[in-house]
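All of these numbers come straight from a predicted model, not from anything done at the bench.
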Protein chains: 4
Amino acid sequence: MKQSTRPTAKRTGDDSRRDILAAAYDVFAGRGYAGAAMRDVANRAGISVGGIYIYFPTKEELYLALLRSEMEDFNLYIGRVADMEPAQALKALIDSYLDYAVRKTKLVSLHLKEHDLEIRKPLKELFLSSQHRIIRGILQDGMDSGVFRKMEIDRAAPVVFSCVRGLVLSYLSEGQGAGTQSEMLYEILLNGIMEKTG
Amino acid sequence: MKQSTRPTAKRTGDDSRRDILAAAYDVFAGRGYAGAAMRDVANRAGISVGGIYIYFPTKEELYLALLRSEMEDFNLYIGRVADMEPAQALKALIDSYLDYAVRKTKLVSLHLKEHDLEIRKPLKELFLSSQHRIIRGILQDGMDSGVFRKMEIDRAAPVVFSCVRGLVLSYLSEGQGAGTQSEMLYEILLNGIMEKTG
Amino acid sequence: MKQSTRPTAKRTGDDSRRDILAAAYDVFAGRGYAGAAMRDVANRAGISVGGIYIYFPTKEELYLALLRSEMEDFNLYIGRVADMEPAQALKALIDSYLDYAVRKTKLVSLHLKEHDLEIRKPLKELFLSSQHRIIRGILQDGMDSGVFRKMEIDRAAPVVFSCVRGLVLSYLSEGQGAGTQSEMLYEILLNGIMEKTG
Amino acid sequence: MKQSTRPTAKRTGDDSRRDILAAAYDVFAGRGYAGAAMRDVANRAGISVGGIYIYFPTKEELYLALLRSEMEDFNLYIGRVADMEPAQALKALIDSYLDYAVRKTKLVSLHLKEHDLEIRKPLKELFLSSQHRIIRGILQDGMDSGVFRKMEIDRAAPVVFSCVRGLVLSYLSEGQGAGTQSEMLYEILLNGIMEKTG
DNA sequence: CATGAATGAGGATTCATTCAT
DNA sequence: GATGAATGAATCCTCATTCAT
């Protein structure tokens, strides 16, 4: 005899997908891939366990979808450095990485934790090559405009990337001084630590 | 309810401990803390499941013991840079980190994967402060002898450490060019990437 | 790692709960708390091991739920003596206890076996105080109406309760002659065994 | 090069047996049959796990041996009531039971907990029949000497025994007032609770 | 689309028992 | 006699996945 005259505010499929992904973000980030429980994802998403499986066929697929969605987000975020002045771009790159890590600490942490998960491989390669391309672009611009010295770009770019990534890692690990360290890294990358003689 | 078994006492307790630790190294490194199964550790160690518990009361203790034992190993390994010339020491530091990562890829990978595991905290802090100390020593020496320019050591040291760690991370992640990249990092850290004007 | 199963949803949740409780009754009663295996409860309930945990979060909770449910049952059963004539009430009390023990032998046996289990304490105290109250009521009535002699009720009630409980214990232990012994206890409690002189 | 010049104070086999039995007493009593661990018995006995198996082939046998040894002890303790005056003997019986329960609370508690363990059956029957015999003796004496009224001894004896046992059970369960309750039981058994009319 | 009860393999841990020393 | 490391079955509990409703 119970009738609901006002229709339950139903989610569209897309809403549900989004909710699940958002919940997955929290749960995976908080406990790692192995430690994450589908039930927790379901609870946090306000959906039933079975409901998840309508949108994602396995835990693995859910995880991958999460990574994909976050990567898009990140690429958009980092893209803005593309048409800045070289030195400025480098600074912006470092800051962007660190900002992103601050905003999405748990996700970046997750990437680290699952850095060698086999299923991540294709996605990871996509990501790396795109990041390397951006940095190569910056270095090339700098050399072309005479701001940066002559370097073998293909060797230098990965190293610059490493340094930036290392800073992020330190932030995740120790958690302090993101701002001050980004300044310092910028300065060291530009000038080195050696005394300029002559 | 009646159980009958036939124990095989072939090893000394110390042997078993070592075997278990070695097996734990492989299993934890390969699958992370949560993903590692005690049964797999046992199989790989050539001991029974119960046998592990004679030497390590819980999975957590086993993991911690593994970390402790490896940290000692690493500290010994890295200690040799202490009394080198500053620039040389920096190069040696980078190489040592990378060498270690090459030799013990899976272990270093494990550190990354479990970088935020609560139980690791005390051990991690010990490690970090000891590494920072070493680098501060190198920088100080360099400044004292006029090889390095004036820097705020307390800000520079963590950044240098970050860069080295970033390189290790890249090696783990992409796996190529350890040698060539270590050269490049050394050079960039010393000279920066900017054109020296004047 | 991949699991595929085929659940059989034939019962309502309430049915399952009831089935599990019934199975728990048998298993706990038969083997005691420590000796009881969740798997056996599951098998007997016609449910999977995991299924139990949907309704009862731990073995301890299952046990407690069982005790609670049975205590309610018993209190209903014993309540009817409240408004009888004193002597009649005493007889009914003895009979009720014994009847209950006959009907639910294994459960009462379980109470005995786990009489000092820490987790039972609150429940036990509830039970004891309620039983003592009933008996004090009977004795008071009897004294008021002059059927029973003057006694210190607070001392007598626990002893009467002990005697009844002892009879139950004997039934559980030896298993014979419930009927005849209840008569005898009634008579001895009323008249004692001493020769009435004068 | 370590020599022990003074010979280790070695135990004889009998000593070890006794130590094990004493340890078993504590462990079994404290945790019940299923909950008791052989290792704990060993530790408490100051012997190795394997050592126990020299004296007792299984856990079950150890338990039985414990019961046997304690039963002998009890029979000796209770035997002294045999040649007292009837009423006095009854009082002594109640007190003895209660005293014993006070002294060996945990053991008596164990009997209760494992009261239906199949392996205990033969021992239990032995015990019961001996206790019933003693009580029948007291009642018979009392009737013969005219102190007690005419009763069917075979029906009364088990009931008297039940009452005594019930008192012990109450002591174990609630733990208070052993002294005061034994007085009360004695009085009620002798006189009953009914008003003596006429 | 959504639900959530059900499944059962698998995980960490315990423990009676054995046997080489 | 005595030791204690070793065994492995068994315990409680978790969780990815399925499917009747």
Among F:dT7, F:dC13, E:dA5, which nucleotide has an atom closest to any side-chain atom of C:I54?
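Closest nucleotide among those given: E:dA5.
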Counting side-chain heavy atoms from C-beta on, which of E:dA6, E:dT13, E:dT3 comes nearest to C:S48?
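It is E:dA6.
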Charged N to carboxylate O under 4.0 angstrom, A:R18 versus A:D15?
yes
Using atom [atom1] of [X] as one end and atom [atom2] of [N] as the other, report the distance to the nearest whole Å.
X     : N      : atom1 : atom2 : result
D:K59 : E:dC15 : NZ    : P     : 9 Å
D:Y53 : F:dA5  : OH    : P     : 16 Å
C:Y63 : F:dC12 : OH    : P     : 15 Å

Report which part of the nucleic acid D:F56 touches: base, sugar-phosphate, or nothing (heavy-atom distance under 4.0 Å, all strands).
nothing
Is D:Y55 near enough to F:dA2 that one of its side-chain N or O atoms lies under 4.0 angstrom from OP1 or OP2?
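So the side-chain polar atoms of D:Y55 do come within 4.0 Å of the phosphate oxygens OP1 or OP2 of F:dA2, strictly under.
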Closer than 4.0 Å, any side-chain N/O of A:S16 to the OP1 or OP2 of E:dA2?
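Yes, within the criterion.
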Determine which pairs satisfy salt bridge (Lys or Arg N to Asp or Glu O under 4.0 Å) with at least one residue from residues 32-45 of chain B, sequence neighbours left out, and list them in order.
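For residues 32-45 of chain B, and leaving out neighbouring residues, the salt bridge (Lys or Arg N to Asp or Glu O under 4.0 Å) pairs sorted by first residue read B:D26-B:R44, B:R31-B:D40.
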Work out which heavy atom in D:I20 is nearest to a heavy atom in D:I52; give both atom names and the distance.
CD1-CA, 4.0 Å
How many angstroms lie between atom CE of C:M71 and atom CG of C:L64, to the nearest 0.5 angstrom?
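Here the rounded value is 11.0 Å.
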Using atom C1' in both nucleotides, what's the gap between F:dT21 and E:dC1 to the nearest angstrom?
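Nearest-Å result for F:dT21 against E:dC1 at atom C1': 13 Å.
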Stretch residues 24-42 of chain A: residues that reach within less than 4.0 Å of DNA chain F through a heavy atom
A:A36, A:A37, A:M38, A:R39
Between B:F74 and B:F127, is the ring pair (Phe, Tyr, Trp, His ring centres under 6.0 Å) condition met? List the steps.
CA-CA 10 Å; B:F74 182 73; B:F127 172 73; 5.7 Å; yes
Stems formed with participation of DNA chain E [Watson-Crick or G-U wobble, under 3.5 Å, three or more pairs]
E:2-21 with F:2-21
